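Read through the structure below, which is laid out as structure tokens, and then see the notes.
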Amino acid sequence: MARKPLMAGNWKMNLNHVEAVGLLQKLTWTLEDKKHDPDKSEVVVLPPFTDLRTVQTLVDGDRLEIGYGAQDVSAFDNGAYTGDISADMLVKLGCRYVVVGHSERRRFHGEDDNIVNAKTLKAVSRGMVPIVCVGERLAVREQFRHVPDTLHHVEGALVGLTSDQVANMVIAYEPVWAIGTGRVATPEDAQEVCTAIRGWIRERHGGEVSDRIRILYGGSVNARNVAALMAQSDIDGCLVGAASLKVDEFSAIARFYEMPVI
Ligand code: 13P
């Protein structure tokens, strides 16, 4: 079954709501100008919470062909959780996607696989598509334990999900050493782990589910390396950080299908 490629721009803690309008408008014009085919890749932005209402208004008002979502969600429904944002709040803002378990959340906010699992369950229970991030640190890669380490993250994140929920979610393989470093994984290295993730899903949930779930690669993706990554059979898209803040770069990434594989 054909999986529609997904190009998701994780803005991280960049761009206020005014700047978000500028970027989204320019991105829309650029994609239109370059005749982006929305059937060939789905384009999604993941702005900071404070931008979401503005993004919703713009996307709805101007009927933009750009999806959006949040970078995190609380594992709790509501109540005394200062600083947290609930899944219901995100749904009300029209978020279809939410990133869960990004390595920067794991590192700076102490999120472990149990928290990631609780957030994933909360997101799917509200009908959002979680983009669950997994991936090894450099020391683990150097010991050649990257596949079992990443599968351990996957197993932890997916506890209690039904096969149907798994089929509709997104997993992003983001090796920590490749994030923000300019040191992109080789297409073969990224494919190795993405294939292992799909194989794990097949074992637990069957071939139909493993054929449907989208698995992304993230870490120093740019317009020059995207085509070779996307040529790999188990890479269904990219989670893009820094390059998603540059309109020309991100729109070129979205149009990976026009680029030569180098
Ligand atoms: P960079 O593309 O800046 O390496 O960031 C990747 C990332 O963390 C996306 O979530």
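Ligands are counted one by one from 1 in listed order, and the atoms in each one are counted from 1 as well. Heavy-atom basis, side chains included; hydrogens, waters and symmetry copies ignored. Model, not experiment: these values are computed from the prediction.
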(message) Any nitrogen or oxygen of G218 lying under 3.5 Å from a nitrogen or oxygen in ligand 1? Just yes or no.
(response) no
(request) State whether the shortest distance between N or O atoms of T181 and N or O atoms of ligand 1 falls below 3.5 angstrom. (result) no
(message) Taking side chain to side chain contact (heavy atoms under 4.5 Å, CB included) as the criterion, tell me which of D164, V100, I131, L158 meets it with M169.
(response) L158
Where ligand 1 meets [X] - atom numbers and elements under 4.0 angstrom, heavy-atom basis:
X: A242; result: 1 (P), 2 (O), 3 (O)
X: L239; result: 9 (C), 10 (O)
X: G219; result: 4 (O), 6 (C)
X: A178; result: 4 (O)
X: E174; result: 6 (C), 7 (C), 8 (O), 9 (C), 10 (O)

(request) Decide if atom NZ of K4 counts as having more than 12 heavy atoms of other residues, nucleotides or ligands within a radius under 6.0 Å. (result) yes
(request) State, with a plain yes or no, whether a side-chain heavy atom of W177 is found less than 4.5 Å away from one of R137. (result) no
(request) Could you tell me the residue and atom name of the protein heavy atom closest to atom 5 (O) of ligand 1, and the distance to it rounded to 0.1 Å? (result) K12 NZ, 3.2 Å
(message) What protein heavy atom lies closest to atom 2 (O) of ligand 1? Include the residue and the distance to one decimal.
(response) G241 N, 2.9 Å
Any donor-acceptor N or O pair under 3.5 Å, side chains [X], [Y]:
X: H102; Y: Q71; value: no
X: S103; Y: E174; value: no
X: H146; Y: E192; value: yes
X: T54; Y: H17; value: no

(message) Check R255 with E258, please: is the shortest side-chain N to carboxylate O separation under 4.0 Å?
(response) yes
(message) Quick check on S220 - does any of its heavy atoms sit under 4.0 Å from an atom of ligand 1?
(response) yes
(request) Examine the proximity of ligand 1 to N10 and report which part, side chain or backbone, both or neither, has a heavy atom under 4.0 Å away. (result) side chain
